[in-house]
Amino acid sequence: MKRKPVNAIAKTILAPVLAFLFAVLMVSCDHNRIYEEFKPIENARWDYHDSISFQFEVDDSLNYHNFLINLRHNNDYPYANIHLFITSYLPDGRYALDTLTYVLAQPDGKWLGSGIGDIKTIQLPFQNNVIFPRNGIYTFSITHGMRDTLLNGITEAGFRIEKAEEK
């Protein structure tokens with residue numbers, strides 16, 4: 001049996017370890033993040049009946065926060081924009097519905113966002129400088145508002161809450 005050269009061993013063992021450490025470092029440096037979660041969309045086919053919900057507990061009703069929608073899509077996504085319905089449920093049972101439109105591609109067809117290969121991630125502003133009215137459990141539910149019953153190409157949807165800059 002041939003012995004692998006030291007460089008080959010370093011590449012096979014060291015590269016994944018360094019990638020993992022870099023990912024941990026990037027996540028740990030995100031001091032503004034309060035909540036962030038992605039949820040997969042089965043087979044990258046989002047049915048307009050399927051809402052994607054994010055639930056979290058709020059214990060800070062004094063500071064300002066920003067809400068962002070995260071989307072991951074592939075090259076099968078057929079449009080340059082997306083329409084979303086976002087329902088916000090407050091702890092006391094009240095709710096609000098927002099209808100939003102976001103641009104996902106430049107006029108020349110180049111995708112906005114970041115990513116390698118055909119998967120792109122884009123972070124979209126939802127609401128800025130929000131103070132939660134009370135502590136408790138909040139739920140945000142997202143459905144797509146496109147004409148397609150099954151929307152191809154969206155692989156994951158996410159929700160992020162972060163600390164807003166001091167006013």
Side-chain angles (χ1 to χ4, degrees), residues 16-74 77 79 81-105 111-117 119-146 148 150-167:
V17 170
L18 288 176
F20 174 75
L21 290 175
F22 180 73
V24 168
L25 179 64
M26 293 306 292
V27 169
S28 65
C29 289
D30 193 354
H31 299 294
N32 287 337
R33 180 183 56 216
I34 294 178
Y35 170 87
E36 187 168 30
E37 183 177 4
F38 278 89
K39 293 195 176 174
I41 296 171
E42 189 173 342
N43 299 319
R45 294 174 56 94
W46 192 0
D47 188 295
Y48 77 100
H49 288 108
D50 293 340
S51 63
I52 301 166
S53 294
F54 303 91
Q55 189 174 70
F56 54 93
E57 186 167 2
V58 169
D59 60 1
D60 178 4
S61 60
L62 299 175
N63 294 302
Y64 290 94
H65 300 87
N66 297 328
F67 302 157
L68 301 112
I69 305 298
N70 295 320
L71 290 178
R72 285 196 178 119
H73 64 87
N74 60 33
Y77 187 73
Y79 304 107
N81 66 349
I82 190 166
H83 303 286
L84 299 174
F85 301 122
I86 303 172
T87 307
S88 309
Y89 298 93
L90 283 64
D92 63 5
R94 290 183 299 151
Y95 66 92
L97 177 64
D98 291 288
T99 303
L100 304 165
T101 300
Y102 295 108
V103 175
L104 301 181
W111 293 118
L112 300 172
S114 62
I116 298 173
I119 301 290
K120 298 297 180 207
T121 301
I122 188 164
Q123 195 165 68
L124 308 163
F126 170 39
Q127 293 180 344
N128 289 325
N129 297 314
V130 175
I131 293 179
F132 290 104
R134 63 185 39 85
N135 292 339
I137 303 292
Y138 286 76
T139 302
F140 289 85
S141 181
I142 305 170
T143 55
H144 79 76
M146 303 299 282
D148 299 358
L150 280 175
L151 185 59
N152 289 315
I154 302 293
T155 61
E156 291 180 86
F159 194 79
R160 176 183 169 100
I161 300 171
E162 61 186 22
K163 294 178 191 173
E165 296 293 320
E166 295 288 326
K167 283 193 148 196

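Starting from 1, each residue takes its place in the sequence as its number.
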Would you find a donor on one side and an acceptor on the other, under 3.5 Å apart, between the side chain of [X] and the backbone of [Y]?
{"X": "D47", "Y": "H49", "value": "yes"}
{"X": "N152", "Y": "R45", "value": "no"}
{"X": "D50", "Y": "T143", "value": "no"}
{"X": "K120", "Y": "L112", "value": "no"}

Stepwise side chain to side chain contact (heavy atoms under 4.5 Å, CB included) check, L151 with Y79: CA-CA 10 Å; L151 185 59; Y79 304 107; 3.9 Å; yes
Answer yes or no: is there a side-chain heavy-atom contact under 4.5 Å between [X] and [Y]?
{"X": "D98", "Y": "Q127", "answer": "yes"}
{"X": "I69", "Y": "F159", "answer": "yes"}
{"X": "K163", "Y": "I34", "answer": "yes"}
{"X": "Y102", "Y": "L71", "answer": "no"}
{"X": "N81", "Y": "L104", "answer": "no"}
{"X": "F126", "Y": "L84", "answer": "no"}

About how many Å separate [atom2] of [Y] and [atom1] of [X], when rounded to the nearest 0.5 Å?
{"X": "I52", "Y": "I41", "atom1": "CD1", "atom2": "CD1", "answer": "3.5 Å"}
{"X": "E162", "Y": "H31", "atom1": "CD", "atom2": "NE2", "answer": "13.5 Å"}
{"X": "S88", "Y": "F67", "atom1": "OG", "atom2": "CZ", "answer": "7.0 Å"}
{"X": "N128", "Y": "E165", "atom1": "CG", "atom2": "CD", "answer": "10.5 Å"}
{"X": "F38", "Y": "T155", "atom1": "CZ", "atom2": "OG1", "answer": "9.0 Å"}
{"X": "N70", "Y": "F54", "atom1": "CG", "atom2": "CZ", "answer": "8.0 Å"}

Go through the steps to decide whether Y48 and D148 satisfy the test side chain to side chain contact (heavy atoms under 4.5 Å, CB included), and finish with yes or no. CA-CA 8 Å; Y48 77 100; D148 299 358; over 6 Å; no
Taking only residues two or more places apart in sequence, or in another chain, which ones meet F85 in a ring-ring contact (aromatic ring centres under 6.0 Å, His included)? none
Quick one: closest heavy-atom pair of [X] and [Y], and the distance?
{"X": "H83", "Y": "M146", "value": "N-SD, 3.2 Å"}
{"X": "L68", "Y": "P125", "value": "CD2-CA, 4.2 Å"}
{"X": "G158", "Y": "I142", "value": "O-CD1, 4.2 Å"}
{"X": "P133", "Y": "S61", "value": "C-CB, 4.4 Å"}
{"X": "W46", "Y": "I154", "value": "CE3-CG2, 4.0 Å"}
{"X": "I137", "Y": "Q55", "value": "CG2-CG, 3.4 Å"}

ring-ring contact (aromatic ring centres under 6.0 Å, His included) partner of H65, the single match among F56, F132, Y35, Y138: F132
Going through the checks in order, is the side chain to side chain contact (heavy atoms under 4.5 Å, CB included) test met by N32 and N66? CA-CA 10 Å; N32 287 337; N66 297 328; over 6 Å; no
